[in-house]
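So the structure is just underneath, and the comments pick up after that.
Worth knowing before you read on, the calculation uses all heavy atoms, side chains too, and leaves out hydrogens, waters and symmetry mates.
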Amino acid sequence: MTPIRSVAVLGAGTMGAQIAAHFANAGVPALLLDLTAEIARDGLERARALKPDPFFTSDAAALIAVGGFDGDLKRIAEVDWIMEAVVEQLDVKRALLERVDGARRAGTIVSSNTSGIPIGVLAAGRTDDFRRHWLGTHFFNPPRYLHLLEVIPAADTDPAVVERVSHFADRRLGKGVVIAKDSPNFIANHLGVYGVAQVLRALESGEYTIEEIDAITGPALGRPKSATFRTMDIAGIDILVHVAKNLNLELPPFVTAMVERGWIGDKAGQGFYKKVKSNSAGGGRSEILTLDPKTMTYREQQAPRLASLEAARSIDDVGERIRTLSNANDKVGAFLRATLGPTIEYAQRVAPDIAYSTDDVDRAMKWGFGWELGPFEIAKAIGASDVARLSDVAPPFQGRVQTSDPDLQLLKSAKDRQKVVRKNAGASLIDLGDGVLSVEFHSKMNSIGADTGQMLLAGVKEAAANFAALVVGNDAPNFSVGANLMLLLLEAQEGNWDEIDLMIRGFQGTTQALRFADVPVVVAPAGMTLGGGCEIAIHGDRIQAAAETYMGQVEVGVGLIPAGGGTKEMLARAVENLPPNHPDLLPYVQRVFELLGFGTVSASAAHARQLGFLDEADGITMNRDRLIADAKALALERVREGYRRPVPRTAIPVGGENILAALKLGVHLARRAGRIGDHDAVVGRALANILAGGALPHQTTVSEQYLLDLEREAFLKLCGERKTLERIQHTLKTGKPLRN
């Protein structure tokens, strides 16, 4: 399959600039064009200022060149893929595409990122070669973070072009690709906006508040925290109205009134919610007001009180939770029967016209809107007897069905094949096939406790006896949020120092077992990979990280230091390539001190590589669904290369008193300048002592075990600090750090 090596994006608006940014994230040079080079440059700069950041790293923007249509359109003859992303107006798009047809070279892919204009209509009148290489490629906003890419072939599109784009988008851009039919608003927006219309009608009835609806339609239904109205504010209520118009969906009059007043969401400063300066004591703070659609005024927020919703929080399985809520004999159940039921029924009715399978419908809603279950999966979860009351869901229809790639969700398919070797409450050992064993975490938030450590050690032992390699990873959104702080807090409050000492020794023993295993260990982090989770990752033979991996050792936030080998490992990495008796260790040690002392977390896997958590031999997977398969492939590659377990380091350079004095001076100056607090200084000095190798009289070398002992001693001492326990308590209660 001919690779796609370069792209041109026509239109430097919000979507166009961010699409170019994501191509740059994938290492693909992008030409970003607009009416003028200055407009294109401004669009790129606006993208660079966006939060969340559309770039993996700041230097990725160097892969984007800018230009104007008049002077630079001829440059599209140099690229492999031209993507139109200008304003959603048929005449504007067709006029530009006519110019593209004259400037492109034969065989170049051309696509449109339109969210609703028919793809076939846009290509009317174009040359045969253009139409054969023409299709829709609908990215969702923001394109870096939302997994879905709808690929929409037109009547004349060459199937090989569809396959080429789909393959590239999957593996290089990391997208979940769904082939959609050329129908208004394609799949996800079509069904998503229909569902929103049902919710807006429920709001119009006056029986529910905005806060109640957002409480129901967020995580309780397996959907994002932004739920319905916060999501609409982010996306833009004007966009909602535009998409609804394409579908001939009638929205309540108050929505039209909002658009007429310019209350279109975050970009206008107000929509269904509005942030204002608080008039309460201690001014300067902001508060969020909520729209009252009957009076078209903003009021203070009202906390929803929904008994069935509170009761359902204890139900972990999302399908069971939705079934329970839909049967509730209160306003939650009434709301879902009035909104979810018609949405499922509508999905069943229109699916044959917009998609090639019911699976594609479910994928589109999960990947495009962040639902845990798509509409057909929800119908199945609710059960036949309950579905009859909601809608009549037909079985999957026939058509061009996308076959499942065996590399997608490899861990899930292994479990479905009953390949679980052993398990406990915290983790499982799973046979991935081809001689590769996997350790999967499945505790709450994948926090690390004794049961997790036991299964990691069991995995190392089992792999050495009966397998060729070991992979550590899971399919959860986050690899691991770190150690089980509640257990640590309870032991510290009881003064069980020997027990805490055993806990630290046990975790250090686990990370060292991974590092010195008899078979290659590949760790596959994704999402939050924090604290102990990061320590596990950096002790594998190799890391295969998802592109969206947020990696860091954040123990300072709870008044501690990394003590599972993390401090030792980052110091050893920083100085291991220095010549013996290097005259100035300070810059290398200082970098580690700042990395750990500030609890720096990577913004992506590429950023983690810059920070030193990943090295050049480690891999990055763009498509999260392929992560375990890629980790397995890397593990087998290490076997073929003739893996040999590493030898423990016995000569790690440390600076002793000179380095310790320099680091402590930095802590002192930061405290005096008010950049850190008193307890930050205590933690900083403890960290400095480890990185200096203790109060040694001169520069020398030490062993890994020596540094592990310093880690453990510092951790134990900090556990005895009252302010450390206050920080742990605060974090457990609020999920946020305390600066005391």
* To do: Test salt bridge (charged side-chain N to carboxylate O under 4.0 Å, His left out) on D362 and K366 and set out the steps.
  => CA-CA 6 Å; D362 284 337; K366 291 190 290 186; over 6 Å; no

Side-chain donor-acceptor pair present, [X], [Y], cut-off under 3.5 Å:
X: N581; Y: Q699; answer: no
X: N689; Y: E713; answer: no
X: N623; Y: D170; answer: yes
X: Y550; Y: E548; answer: yes
X: Q512; Y: Q508; answer: no
X: N474; Y: E440; answer: no
X: T621; Y: Q544; answer: yes
X: D359; Y: S357; answer: no

* To do: Please name the residue in the list E535, H539, Q705 that meets the side-chain hydrogen bond (donor to acceptor under 3.5 Å, both in side chains) test with K568.
  =>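 Only one option passes, and that is H539.
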
Are the side chain of [X] and the backbone N or O of [Y] linked by a donor-acceptor pair below 3.5 Å?
X: S602; Y: T549; answer: yes
X: R363; Y: G176; answer: no
X: S604; Y: F56; answer: yes

* To do: Please lay out, stage by stage, how R609 and D615 fare under the test salt bridge (charged side-chain N to carboxylate O under 4.0 Å, His left out).
  => CA-CA 6 Å; R609 178 169 282 152; D615 63 30; over 6 Å; no

* **Ring centre gap for F479 and F441 strictly below 6.0 Å** =>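 They qualify: ring centres under 6.0 Å apart.
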
* May I ask you to check whether F613 and H607 place their ring centers less than 6.0 Å from one another? =>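 Judged by ring-centre distance (under 6.0 Å), F613 and H607 do not meet the cut-off.
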
* Asked: Salt bridge between E569 and R649, side-chain N to carboxylate O under 4.0 Å?
  ->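 Salt bridge: yes.
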
* Check ion pair D501-R505 (N to O, under 4.0 angstrom) ->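 R505 and D501: salt-bridged.
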
* Asked: Who pairs with T731 by side-chain hydrogen bond (donor to acceptor under 3.5 Å, both in side chains), at least two apart in sequence or on another chain?
  ->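 Residues passing side-chain hydrogen bond (donor to acceptor under 3.5 Å, both in side chains) with T731: none at all.
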
* To do: Please step through salt bridge (charged side-chain N to carboxylate O under 4.0 Å, His left out) for the pair D518 and R645, ending with a clear verdict.
  => CA-CA 6 Å; D518 290 325; R645 58 181 291 180; 3.1 Å; yes

* Between F23 and F168, how do the two ring planes meet: parallel, tilted or perpendicular, split at 30° and 60°? ->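 Taking F168 first and then F23, their aromatic rings lie parallel (interplane angle under 30°).
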
* **Partners meeting salt bridge (Lys or Arg N to Asp or Glu O under 4.0 Å) with E462 (sequence neighbours left out)** =>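 Per chain and number, E462 pairs via salt bridge (Lys or Arg N to Asp or Glu O under 4.0 Å) with no residue.
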
* Asked: Taking it one step at a time, do R640 and E637 satisfy salt bridge (charged side-chain N to carboxylate O under 4.0 Å, His left out)?
  -> CA-CA 5 Å; R640 288 191 294 271; E637 182 182 336; 5.2 Å; no

